[in-house]
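One structure below.
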Amino acid sequence: MMTLYSGTTDPFSQRCRIVLYEKGMDFQIIDVDVFNKPEDLMVMNPYNMVPVLVERDLVLYESNIINEYIDERFPHPQLMPADPVMRARARLFLHRFESEMFCNIGALESGVQKTADKARLSVRDSLTQIAPIFAKQKFMLNDEYSMLDVAIAPLLWRLDYYDIQLAKEAAPLMKYAERLFSRPAYIEAMTAAEKAMRK
């Protein structure tokens, strides 16, 4: 059985929880207090961060790597595109999310006003850029729910919490976000602390 060490408010851990619930398989989630981490976390992940996935001898960290492994190991429903070209494109998108948006999470959570403000603008601009896509399609890759939707959902959930305000032209993105949040697996994967992030 797979065991996921997961931070209760950590957006990267939330990604992995969503995938586990989408797959509907047997797994165990161990909640980790990120301010008081268990000592064995450092042994499992040299960066001493969550999420960490453990399955027998295999120990994985980094949410996108964990999620691709789960997707390949339990192919139904498939979350990465089957076609190699589309899969490569999806990986590029995932890379962009990390380097343009999720790289700002540390700054947003730092409590340092100036750094957080800069991060807010950066995330807002990146999201505003992709918003028009959703006027034409249901999900990130056309009408099929995929790993890209999983990857971005935790950030969209935290927009109010991070005090990121989007302009009116981002309305299609907000409609898209509501589609993601209404998925049963999304709801099941949420921790009490995450539910409390949105009024």
Salt bridge (Lys or Arg N to Asp or Glu O under 4.0 Å) between Glu178 and Arg198, worked out
CA-CA 13 Å; Glu178 293 307 325; Arg198 292 184 98 204; 3.5 Å; yes

To the nearest 0.5 Å, what is the distance between CG (Leu159) and CD1 (Ile164)?
5.5 Å

In terms of side-chain geometry, is the basic nitrogen of Lys138 or Glu144 positioned less than 4.0 Å from the acidic oxygen of its partner?
no

Applying ring pair (Phe, Tyr, Trp, His ring centres under 6.0 Å), run through Tyr21 and Phe27 and close with a yes or a no.
CA-CA 9 Å; Tyr21 280 100; Phe27 56 86; 5.0 Å; yes

Distance-minimising heavy-atom pair for Pro51 and Ile66:
O-CD1, 3.7 Å

Nearest heavy-atom pair of Arg158 and Thr9: which atoms, and what distance?
NH2-O, 3.1 Å

Does Tyr145 have more than 12 heavy atoms from other residues, nucleotides or ligands lying within 6.0 Å of its OH?
yes

Under a plain distance cut-off of 3.5 Å, with no hydrogens placed, do Glu62 and Tyr47 share a side-chain donor-acceptor pair?
no

Same cluster or not: are Ile152 and Ile187 linked, directly or through other Ile, Leu, Val, Met, Phe, Trp or Tyr residues, by side-chain heavy atoms under 4.5 angstrom apart?
no

Any carboxylate oxygen within less than 4.0 angstrom of a Lys/Arg side-chain nitrogen, looking at Asp117 and Arg120?
yes

Give me the one residue out of Leu58, Ile65, Leu4 that meets side-chain contact (heavy atoms from CB on, under 4.5 Å) with Leu53.
Leu4

Scan side-chain atoms only and decide if Tyr162 and Asn104 contain a donor-acceptor pair under the 3.5 Å cut-off.
no

Is the OH atom of Tyr161 crowded by more than 12 outside heavy atoms at less than 6.0 Å?
no

Output the distance between atom CG (Leu127) and atom CG (Leu156), rounded to the nearest 0.5 Å.
6.0 Å

Can a salt bridge be assigned to the pair Arg124 and Glu169 using a cut-off of 4.0 Å between side-chain N and carboxylate O?
no

Considering only residues two or more places apart or on different chains, which pairs with a residue in residues 84-94 satisfy side-chain hydrogen bond (donor to acceptor under 3.5 Å, both in side chains)?
Glu68-Arg91

Shared hydrophobic cluster for Ile29 and Val54 (ILVMFWY, side-chain gaps under 4.5 Å):
no

Can you tell me which residue among Arg17, Gln14, Arg179 is in a side chain to side chain donor-acceptor pair (under 3.5 Å) with Tyr186?
Gln14

Is the number of heavy atoms from other residues, nucleotides or ligands within 6.0 Å of CE (Met140) greater than 12?
yes

Quick one: closest heavy-atom pair of Ser13 and Tyr5, and the distance?
OG-O, 4.4 Å

Residues 25-35 vs salt bridge (charged side-chain N to carboxylate O under 4.0 Å, His left out), sequence neighbours excluded, gives none

Would one find more than 12 heavy atoms of other residues, nucleotides or ligands at under 6.0 Å from atom CZ of Arg96?
no

Please tell me if the side chains of Val19 and Cys16 come closer than 4.5 Å, counting only heavy atoms from C-beta onward.
no

Is Tyr69 reachable from Val59 through a run of hydrophobic residues whose side-chain heavy atoms are each under 4.5 Å from the next?
no

Quick one: do Phe12 and Met49 end up in the same hydrophobic cluster if we chain Ile, Leu, Val, Met, Phe, Trp and Tyr together by side-chain heavy atoms under 4.5 Å apart?
no

Thinking salt bridges, do Lys23 and Asp71 make one under a 4.0 Å N-O criterion?
yes

Mind checking whether Phe35 and Val50 sit in one hydrophobic cluster, side chains of I, L, V, M, F, W, Y counted as touching below 4.5 Å?
yes

For Phe134 together with Phe139, are the ring centres under 6.0 Å from each other?
no

